[in-house]
Visitor: 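My questions all concern the structure below.
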Amino acid sequence: MTISSPTAPRRTLVLGIESSCDETAAAVVARDADGRGYILSSAVRSQFKQHELYGGVVPEIAARAHTTCLDHIIAAALAQAHVKLADVDAIAATSGPGLIGGLIVGAITGKALALAAGKPFLAINHLEAHALTCGLTDGLPPPYVMLLVSGGHTQILFVEDVGGYRRLATTIDDALGEAFDKTAKLLGLPMPGGPSVEAAAIDGDPRRFKLPRPMLGRADPNFSFAGLKTAVRHAAEAIAPISDDDVADICASFQAAVCDTVVDRVAQVMRAVVHRFPDDRHRPFVVAGGVAANQVLRAALVGVAETFGYSFHAPPLSLCSDNGAMIAWAGAERHARGQSDGLQAPVRPRWPLDADAAPAKGAGVKA
Ligand code: KG4
Ligand code: ZN
């Protein structure tokens, strides 16, 4: 349930807590009455060392790790921002989608702090936080087209307003970050997979392996990456044992296939929604989520935005992957609109941004 209150103070300080996957993070952001945002602190602890042995994120280990360090991360965020809990106007915590154990740890901690300090609590949708980050970093208000590419999601959204999201495309199987992670694992590269694949690809030949471009040219703008992942496996098996040069060429070829596919899908949407912008000279395109840190993909997206007359926006690298600032900012945006959530707000492992979006047909559709 969302509760509305009539007034919001001029400058708000919000503490944000993130624990939906394998990053424990907290931050304090300020939001001025004119909508401008400032990061006063941002503390992040990644758990990837704890999961490395298992080749992927283990939910139980993640939840325990959040429990162990969340208090310290929150204390660090408050200390770096030179504020006390009593100084913040609201407390925001990721409440979905994500791994349920971690979500419970973060949300319960946020609620306990809110109750103890007598502050409003905001249950934040992690995808909404990624979607609104460019408001904090670029001062960019909706409407905009957004590509959200993370470990669990691959979507193109039309962001009409804060709280108004239309899903225009989604993956019918794997998320793009997942495809990077699985490719890395298959090639014996360390976690986190995306940055490893990108680093290995730097010296590689993107033309050596003819990998498929799934969905290229299809009328609907959805994504599919499961076939690409399988093609990578076949390519690696066909030349086993693989050398470092082979790994570099496979990674570069994989990235090239990803870029061609994503650019084609994004172009499809850009064409289709061109008329939805009130000002023809101002059509922003935003990319966010962990995979948005990939420089090759970013360059490809700059190109497609230019072709279709969109301005390109992406968060700085440190705010592409999961962080507390984006959660605090989503909280600040909602708080500025007089919203808060009760302490009974549930955690939601699945929490689509656009509840009305028709389900996409595919093997393992992500909401
Ligand atoms: O947004 P995020 O930090 O967490 C989720 O909400 O899922 O995204 C994590 C994903 C992982 O799959 C990771 O491998 C990928 O983002 N990633 C990258 C890069 N940096 C992180 N993928 C490709 N290139 C990168 N440089
Ligand atoms: Zn994320």
Side-chain angles (χ1 to χ4, degrees), residues 16-25 27 42 44-48 51-52 55-57 59 62 66 93-99 102-103 106 124-134 146-155 157 171 174-187 189-202 204 223 225 228-229 232 251-252 254-259 261-262 286-301 314-327 329-330 349-351 353 366-367:
I17 297 169
E18 159 59 32
S19 58
S20 65
C21 191
D22 58 343
E23 253 100 28
T24 314
S42 183
V44 183
R45 184 172 304 170
S46 180
Q47 308 170 354
F48 66 82
H51 300 285
E52 203 164 28
V57 177
H66 290 305
T94 306
S95 299
L99 301 175
L103 291 173
I124 302 298
N125 181 315
H126 181 92
L127 304 176
E128 178 171 44
H130 276 303
L132 298 180
T133 302
C134 57
M146 123 147 252
L147 171 68
L148 205 167
V149 272
S150 69
H153 295 85
T154 300
Q155 304 185 346
L157 301 160
T171 176
D174 292 350
L176 183 52
E178 198 178 348
F180 268 95
D181 293 337
K182 286 178 176 169
T183 295
K185 190 174 176 186
L186 189 98
L187 299 173
L189 297 171
M191 281 179 72
S196 294
V197 169
E198 182 174 15
I202 288 172
F223 298 88
F225 294 108
L228 180 55
K229 173 194 66 190
V232 166
C251 287
F254 168 78
Q255 262 184 184
V258 163
C259 287
T261 305
V262 172
V286 176
V287 59
V291 187
N294 188 286
Q295 299 293 345
V296 180
L297 181 63
R298 273 165 106 112
L301 291 169
L317 296 191
S318 60
L319 296 181
C320 285
S321 49
D322 293 346
N323 62 86
M326 69 181 197
I327 305 303
W329 180 247
R350 289 206 162 220
W351 187 358
L353 266 188
K366 306 279 193 300

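Both counts, for ligands and for their atoms, begin at 1 and track the order of listing. By convention here, the first residue in the shown sequence is residue 1. The structure presented is a predicted model; accordingly, all values stated were derived computationally and were not measured.
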Visitor: Got the closest protein heavy atom to atom 21 (C) of ligand 1, with its distance?
Guide: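 Going by distance alone, atom 21 (C) of ligand 1 is nearest to G290 O, 3.3 Å.
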Visitor: Just so I know, are the side chains of H130 and D322 near enough to count as touching, which here means a heavy-atom distance under 4.5 Å?
Guide: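 With C-beta onward as the side chain, the pair touches.
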Visitor: Give yes if a backbone or side-chain nitrogen or oxygen of P192 is under 3.5 Å from a nitrogen or oxygen of ligand 1, and no if not.
Guide: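 N/O-N/O distance under 3.5 Å: no.
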Visitor: To the nearest 10 degrees, could you say what angle the Zn ion (ligand 2) makes with NE2 of H130 and OD1 of D322?
Guide: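 Result: 100°, to 10°.
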Visitor: Looking at atom 13 (C) of ligand 1, what's its closest protein heavy atom, distance included?
Guide: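 The closest one turns out to be D181 OD1, 3.7 Å.
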Visitor: How many angstroms lie between atom CD1 of I124 and atom CD of E18, to the nearest 0.5 angstrom?
Guide: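 It is 11.0 Å, given to the nearest 0.5 Å.
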Visitor: Could you tell me whether the side chain of V149 reaches within less than 4.5 Å of the side chain of V287, counting heavy atoms only?
Guide: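 The answer is yes; the side chains approach within 4.5 Å.
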Visitor: Considering T183, N294, L317, V44 one by one, which has a heavy atom nearer to atom 24 (N) of ligand 1 than any of the others?
Guide: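 Heavy atom nearest to atom 24 (N) of ligand 1 belongs to N294.
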Visitor: What residue and atom, counting heavy atoms only, is the protein's closest point to atom 18 (C) of ligand 1, and at what distance?
Guide: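 It is G194 CA, 3.5 Å.
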Visitor: Would you check whether P195 reaches within less than 4.0 Å of ligand 1, judged by its heavy atoms?
Guide: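 Flag set, P195 near ligand 1.
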Visitor: As an exercise, identify every atom of ligand 1 less than 4.0 angstrom from a heavy atom of G152.
Guide: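 Close to G152: 7 (O).
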Visitor: Looking at atom 9 (C) of ligand 1, what's its closest protein heavy atom, distance included?
Guide: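 Here the nearest protein heavy atom works out to G151 N, 3.7 Å.
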Visitor: If hydrogens are left out, which of M191, E198, H153, H126 has an atom nearest to atom 26 (N) of ligand 1, that is, the closest non-hydrogen atom?
Guide: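 Nearest option to atom 26 (N) of ligand 1, by heavy atoms: E198.
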Visitor: Parallel, tilted or perpendicular: which describes the rings of F223 and F225, with under 30° parallel and over 60° perpendicular?
Guide: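 Aromatic pair F223/F225 classed parallel.
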Visitor: Under 4.0 Å from any heavy atom of H130, which atoms of ligand 1 are there?
Guide: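 What qualifies from ligand 1 is 1 (O), 6 (O).
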Visitor: In ligand 1, which numbered atoms sit nearer than 4.0 Å to a non-hydrogen atom of S321?
Guide: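 Counting from 1, the qualifying ligand atoms are 3 (O).
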Visitor: At what distance is the nearest protein heavy atom to atom 15 (C) of ligand 1, and which residue and atom is it?
Guide: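 The closest heavy atom on the protein side is V291 CG2, 3.9 Å.
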Visitor: Does L317 reach the side chain of R298, with side-chain heavy atoms less than 4.5 Å apart?
Guide: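 Contact flag for L317/R298 side chains = yes.
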Visitor: Any side-chain heavy atom of W351 sitting closer than 4.5 Å to one from L127?
Guide: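 Side-chain contact under 4.5 Å: no.
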Visitor: Within a distance under 4.0 Å of any heavy atom of G177, pick out the atoms of ligand 1 and give their elements.
Guide: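 Contacts of ligand 1 toward G177, numbered from 1: 12 (O).
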Visitor: V291 and side-chain contact (heavy atoms from CB on, under 4.5 Å): which single residue from L148, V258, L147, L297 fits?
Guide: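 With V291 as partner, L148, V258, L147, L297 yield a single side-chain contact (heavy atoms from CB on, under 4.5 Å), made by L297.
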Visitor: In this structure, which one of S196, P190, P195 forms a side-chain contact (heavy atoms from CB on, under 4.5 Å) with P192?
Guide: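 Exactly one pass, corresponding to P195.
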Visitor: For ligand 1, is there an atom lying under 4.0 Å from some heavy atom of Q295?
Guide: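 It does not; every heavy atom stays at 4.0 Å or beyond.
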Visitor: Do L103 and S95 have side-chain heavy atoms sitting under 4.5 Å apart?
Guide: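 They are not in side-chain contact.
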Visitor: Quick one, E23 and N323 - any side-chain contact, counting heavy atoms below 4.5 Å?
Guide: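 No, every pair of side-chain atoms sits at 4.5 Å or beyond.
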Visitor: If only atom types and distance count, is the side chain of N294 paired as donor or acceptor with the main-chain N or O of E198 below 3.5 Å?
Guide: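 No.
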Visitor: Got the closest protein heavy atom to atom 3 (O) of ligand 1, with its distance?
Guide: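 Protein heavy atom at minimum distance: D322 N, 3.1 Å.
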Visitor: With a cut-off of 2.8 Å, does H126 place any N/O/S atom under that distance from the Zn ion (ligand 2)?
Guide: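 Yes, H126 qualifies, because one of its backbone or side-chain N, O or S atoms lies under 2.8 Å.
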